[in-house]
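None of these values were measured; they are calculated from a predicted model. Residue numbers begin at 1 in each chain, while the letters A, B, ... track the order of the sequences.
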Amino acid sequence: MYRHLERRLAERVRDFVRRSYSLDLPKIVIEQPPKVELGEYALPLAFELAKNLRKAPRNIAQEIVAGLGPIEGFEKLEAAGAGYVNARVNRAELAAAVASDVKPRYEIPAGKILVEHSSINPNKAAHIGHLRNAILGDTFVRLLRFVGREVDVQNYIDNTGVQVADVVVGFLHLEKKSKSDIEQLARQPRFDYYCWDLYARASQWYEQDKQNLSARQQVLHAIEEGKNQTAAIADVISVSVLRRHLETMDRLDIKYDFLPRESEILHLHFWDAAFTKLKDAGVLYFESEGKNKGCWVMRRAGKKAETTEAAENTEEVAEEDQKVIVRSNGTVGYAGKDIAYHLWKFGLLGRDFGYRKFYKYPNGHDCWISTTVGALDHPHFGDVAEIYNVIDTRQSEEQNTVIEALRALGYGQQADHYTHFSYEMVALTPACASELGYDLSEEDKARSYIEVSGRKGFGVKADDLIDTLISSAAKEVDSRHAELGVEERRKIATQIAIGALRYFMLKFTKSSVIAFDFKEALSFEGETGPYAQYAVVRATNIFRKGGIDPDEFMRTMERELAVEDWKKYLAGDEANEIWELWLAAAKTSYVIDQCIATTEPAYLAKHAFQLAQLFNYFYHRHPILAEANQSRKKFLLATTAVVRRELMRALAVMGIVVPPVM
RNA sequence: GGGCCCGUAGCUCAAGCGGAUAGAGCAUCGGAUUUCUAAUCCGAGGGUUGCAGGUUCAAGUCCUGCCGGGCCUACCA
């Protein structure tokens, strides 16, 4: 509704400027006045027009206000400040619309969306960096589904790479374990923790003696080949660790639909199909000289062909601008496989995975995995209209290479709908690192943050963090609600812990490195998930104490409150404080649109916090159940009900549920 | 060398496309409720937005040059 009004205002102003001044403004800037007293929308367009019209901005603003006439949904416009045009909405009308939850018609673009996130190497436990990825990705999925889009969630599994190979090396060369030993270990509860340590040990072992690296080469080769004992061991490891990842993420209510694996990309020869296309289109070419002699290369993303050079030179790409796709020994690198995979995503490869069910979530949802020969009856994956890849910013260049390859193949449309959802890493503060018992160099101590490293076994494991959060929340719950049963208290503590964690990962903008610190992450006060959850609990308590069902109240509210009541309680400056709360509540779907358009979930976190903050202030100032005036009491209850609904909505999109009590 | 990102209060972060007095949280100090639970609320102090120019009616935001930090730049994945 809020967005609807904004659009209407912009159109009317644009019309007016065209008619009165014969000027076509490409965009009408609309923002919010610094205070609600000044209205809901502010237009600084008079400043821009001043040059063309050779008039003072203030005068232009007054002309616009005088000439525009009434606009549906608005009470009035006024010139303010040095030349702003401020618009005041009809408060009662907007409030009534928000209360009855009317949603203006919304055009949902056609086509399915594929979101890929998590993509953790299946060779060790997930850590806090993976949590940021998964929480950002899952929240973005929820955002898209909220606005009615159909979304498939994929988690790409690199089960044939160096990282898995290193753990295989650890088992075979350091621990001298047999396949059945490993199978037995893999059935232990936290096998991923075992691998975490072993992976670090294997990495150390390579550093002790570079000769040891030959073991990795052998294992890697055997895995790629397939159908041998080593490959079978790698499969046991990667499948078991993958299961653990799914369990860890499900603790946060993060679920996947399909797990495409690199092994199938290899064995189903996705690359061969892509290679043919790339060669035929001239995107890849054979280098016969220099450093990259014998390789198939493509132009590095972002490097334009020198069109000013003579025509014969356009095919010449400087060595440093070449990206090797196929090595001189004939093997294909990661980028090549990724190009093939992305052709599949858009339904352009002409090949498909085999599929089988892999994991059934407690709620009944099936997660599928790729196989060479699969079930005949399976959902249709891939062949989508838009894709989002939640991958950290360090892989920007790699992502751009894939996009450029698509574009060069003539798939411009698809390249335009390929979004690298890029975000910064989670690192540790030096204080946090030493807290965890890591020895730091003087140089490291001086840094503002230290990167986590799976190779060094250096980081905070996801399950550990979740466990710590739950026990920390449990302490609080136990001290407040001794009357509740153990199970119930545990459940509440878990909801609070998840709320805290998910909010923590979402409150930072994507481009900010999170310097992880336990004190901050374990906080349940201030700008945190529990703060917002608590606001909802308070709102719920009012209804419970009052013996009113909030949802039932929402439905009957319109009949109960007359139009005059809305006007009476929202009009004038003395109502500004409550109106601010209504206005914030009206913005949820507007904010959600912004989050999608900018691929930035942090705005929603900020919105939820602001709504909670305004509500807490309201809660403090108005004893609602004690209100003697019955119609005013209903109005205050309506305010509470609407804020409660919008806050729960925003939190749900962030994957945060609200406990019954706190 | 080239590319991308960052630098805002003691700390951690915000600040739609350039707009009105740069905002939150934490920490510190001081206060509040016999009430719908204080995981709350109110108040105070705290800023030359890294530096220097430029564009503009208007710059934390755009441009140029410095300073400082991070990441990418493999025939790794």
Side-chain angles (χ1 to χ4, degrees), chain A residues 27-35 38 42-44 47-48 50-51 56-57 80-84 86 121 158 160-165 220 262 291-297 300-303 320-321 323-329 331 333-335 337-338 392-398 400 422 424-425 427 429 447-449 451 473 476-477 480-481 496 507-509 511-515 517 519-520 523-528 530-531 533-535 537-546 591 594 597-598 600 602-603 606 609-610 613 616-617 619-626 640 661-662:
Chain A
K27 54 187 173 193
I28 306 283
V29 176
I30 298 191
E31 55 201 32
Q32 288 160 53
K35 290 197 154 84
L38 296 167
L43 298 93
F47 299 108
E48 211 181 323
K51 238 172 304 164
Y84 287 93
N86 289 350
N121 270 301
D158 179 6
T160 60
V162 189
Q163 295 212 21
V164 171
L220 206 48
E262 179 152 290
K291 176 166 85 87
N292 297 329
K293 182 177 177 180
C295 297
W296 287 87
V297 301
R300 197 175 287 286
K303 303 288 176 187
E320 62 268 26
D321 292 345
K323 173 85 188 164
V324 173
I325 303 297
V326 181
R327 305 178 190 111
S328 55
N329 66 7
T331 58
Y334 179 77
K337 284 177 265 187
D338 219 12
D392 80 65
T393 183
R394 287 172 291 192
Q395 292 193 47
S396 293
E397 180 161 316
E398 160 66 29
N400 287 334
S422 155
E424 267 292 354
M425 61 184 173
T429 60
R447 292 176 196 272
S448 52
Y449 54 81
E451 203 175 335
E476 301 288 329
V477 176
R480 283 160 226 245
H481 298 285
I496 292 169
K507 71 192 258 195
F508 302 94
T509 52
S511 61
S512 161
V513 175
I514 298 181
D517 173 70
K519 187 171 154 290
E520 237 187 293
S523 168
F524 300 143
E525 289 168 18
E527 196 187 341
T528 65
Y531 177 95
Q533 289 172 315
Y534 186 60
V537 168
R538 285 180 136 182
T540 307
N541 282 346
I542 294 172
F543 285 98
R544 202 181 48 221
K545 280 274 161 102
V591 171
Q594 296 286 312
T598 55
E600 182 51 274
Y603 297 139
K606 189 64 79 184
F609 175 66
Q610 278 167 355
Q613 209 175 22
N616 273 328
Y617 179 72
Y619 176 92
H620 211 257
R621 303 233 327 171
H622 305 280
I624 296 166
L625 293 177
T640 306
V661 295
M662 277 178 81

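- For the C1' atoms, the distance linking B:C76 with B:U48 amounts to 47 Å, nearest Å.
- Closest to the side chain of A:Leu625, out of B:C36, B:A39, B:C75, is B:C36.
- A:Asn616 and A:Tyr534 share no donor-acceptor pair across their side chains, judged by distance under 3.5 Å alone.
- Proximity note for A:Lys35 (side chain, C-beta onward) versus B:U21, B:U73, B:G16: the nearest is B:U21.
- Contact annotation for A:Gly294: no contact, since no heavy-atom pair falls under 4.0 Å across all strands.
- Comparing atom distances between the A:Lys291 side chain and each of B:U37, B:C75, B:U40 picks out B:C75 as nearest.
- Nearest approach of A:Ala42 to A:Gln32, heavy atoms of both residues: CB-C, 4.3 Å.
- Comparing the C1' positions of B:C5 and B:C41 gives a spacing of 39 Å, expressed to the nearest Å.
- The interatomic distance linking A:Phe609 (CZ) with B:G23 (C1') rounds to 11 Å, in whole Å.
- The interatomic distance linking A:Glu525 (CD) with B:U12 (C1') rounds to 16 Å, in whole Å.
- In this structure, of B:A39, B:C17, B:A77, it is B:C17 that holds the atom nearest to the side chain of A:Val29.
- If you check every strand for non-hydrogen atoms under 4.0 Å, A:Glu262 touches sugar and phosphate atoms only.
- For A:Asp517 and A:Lys519, the salt-bridge test fails: no basic side-chain N is under 4.0 Å from an acidic carboxylate O.
- Within 4.0 Å of A:Val513, counting heavy atoms only, lie sugar-phosphate atoms of the nucleic acid but no base atom.
- Counting non-hydrogen atoms under 4.0 angstrom, A:Lys606 reaches the backbone sugars and phosphates but no base.
- No engagement by A:Thr393 is indicated, since no non-hydrogen atom pair under 4.0 Å with the nucleic acid exists.
- The side chain of A:Lys323 places no N or O atom within less than 4.0 Å of a non-bridging phosphate oxygen (OP1 or OP2) of B:U73.
- To the nearest whole angstrom, the two C1' atoms, one in B:G60 and one in B:A22, are 7 Å apart.
- Between A:Tyr534 and B:C36 there is no side-chain N or O to OP1 or OP2 distance below 4.0 Å.
- The A:Arg394 side chain lies nearest to B:C71 when the options are B:C71, B:G25, B:A77.
- Nucleotides B:U12 and B:G7 are separated by 12 Å at their P atoms, to the nearest Å.
- A glycosidic torsion no more than 90° from 0 defines the syn conformation, and B:C17 adopts it.
- Contacts of A:Glu451 with the nucleic acid, taken as non-hydrogen atoms under 4.0 Å apart, involve only primed sugar atoms and P, OP1 or OP2.
- Syn is the conformation of B:G16, whose glycosidic angle sits no further than 90° from 0.
- At a threshold of 4.0 angstrom between heavy atoms, the contacts of A:Lys519 are confined to the sugar-phosphate backbone, with no base atom among them.
- Side-chain contact between A:Glu527 and A:Lys606: present, with at least one pair of heavy atoms (C-beta onward) separated by less than 4.5 Å.
- Comparing B:A15, B:C41, B:C36 by their closest approach to the side chain of A:Thr509 singles out B:A15.
- Rounded to whole angstrom, the span from the CD atom of A:Glu520 across to the P atom of B:A39 amounts to 21 Å.
- Pairing each heavy atom of A:Phe524 with each of A:Ala473, the nearest pair is CE1-CA, 3.5 Å.
- In this structure, of B:U37, B:A77, B:C13, it is B:U37 that holds the atom nearest to the side chain of A:Val661.
- At a cut-off of 3.5 angstrom, counting only N and O atoms as typed in the model, there is no donor on one side facing an acceptor on the other between the side-chain of A:Ser396 and the base of B:C72.
- Comparing B:C13, B:A39, B:C41 against the side chain of A:Ser512 picks out B:C13 as the nearest.
- The distance between atom CZ of A:Arg300 and atom P of B:C72, rounded to the nearest whole Å, is 14 Å.
- A straight line from CD1 of A:Ile624 to P of B:U37 spans 11 Å, rounded to a whole angstrom.
- A:Asn616 places its CG atom 6 Å from the C1' atom of B:U40, with the value rounded to the nearest Å.
- Toward the 5' end of RNA chain B, the nearer of the two residues A:Ile28 and A:Val162, judged by each one's closest nucleotide, is A:Ile28.
- When all heavy atoms of A:Arg621 and A:Pro623 are compared, the pair lying nearest together is O-CD, 3.6 Å.
- Within the 4.0 angstrom heavy-atom criterion, base atoms lie near A:Asn86.
- Comparing A:Ile30 and A:Ala473 against RNA chain B, the residue whose closest nucleotide sits nearer the 5' end is A:Ile30.
- Comparing B:A77, B:A39, B:G25 by their nearest atom to the side chain of A:Glu527 picks out B:G25.
- As judged by a 4.0 angstrom heavy-atom cut-off over every strand, A:Tyr617 is placed among residues touching the sugar-phosphate backbone only.
- Using a 4.0 Å heavy-atom distance criterion, A:Val164 is classed as making no nucleic acid contact.
- For B:A59 and B:U8, the C1' atoms lie 14 Å apart once the distance is rounded to whole Å.
- Here the side chains of A:Ile496 and A:Met662 are in contact, with some heavy-atom distance below 4.5 Å.
- Considering only heavy atoms from C-beta on, A:Met425 comes within 4.5 Å of A:Tyr449 through its side chain.
- Protein atom CZ of A:Arg447 is 10 Å distant from nucleotide atom P of B:G69, rounded to whole Å.
- Of the side-chain N and O atoms in A:Tyr334, none sit less than 4.0 angstrom from OP1 or OP2 of B:A77.
- Here the separation of B:G54 from B:G16, taken at their C1' atoms, is 26 Å to the nearest Å.
- Using a 4.0 Å heavy-atom criterion, one finds that A:Gln613 contacts the sugar-phosphate atoms exclusively.
- One P atom belongs to B:C17, the other to B:C62, and the distance between them is 10 Å to the nearest Å.
- A:Gly83 approaches A:Phe47 most closely through the heavy-atom pair N-CZ, 3.8 Å.
- Following rounding to the nearest Å, A:Phe524 (CZ) and B:U40 (P) show an atom-to-atom distance of 12 Å.
- As judged by a 4.0 angstrom heavy-atom cut-off over every strand, A:Ala42 is placed among the base-contacting residues.
- OP1 or OP2 of B:U37 has at least one side-chain nitrogen or oxygen of A:Asn541 nearer than 4.0 Å.
- Heavy atoms of A:Pro33 sit under 4.0 angstrom from at least one base atom.
- When distances are taken from the side chain of A:Met425 to each of B:C75, B:G70, B:A39, the shortest belongs to B:G70.
- When the side-chain nitrogen and oxygen atoms of A:Arg480 are compared with OP1 and OP2 of B:A39, one or more of them lie within a distance under 4.0 Å.
- Side chains of A:Arg544 and A:Asn541: a donor on one and an acceptor on the other come within 3.5 Å.
- Using P as the reference atom, B:C67 and B:C57 are 32 Å apart when rounded to the nearest Å.
- Using a 4.0 Å heavy-atom cutoff across all strands shown, A:Lys293 reaches at least one base atom of the nucleic acid.
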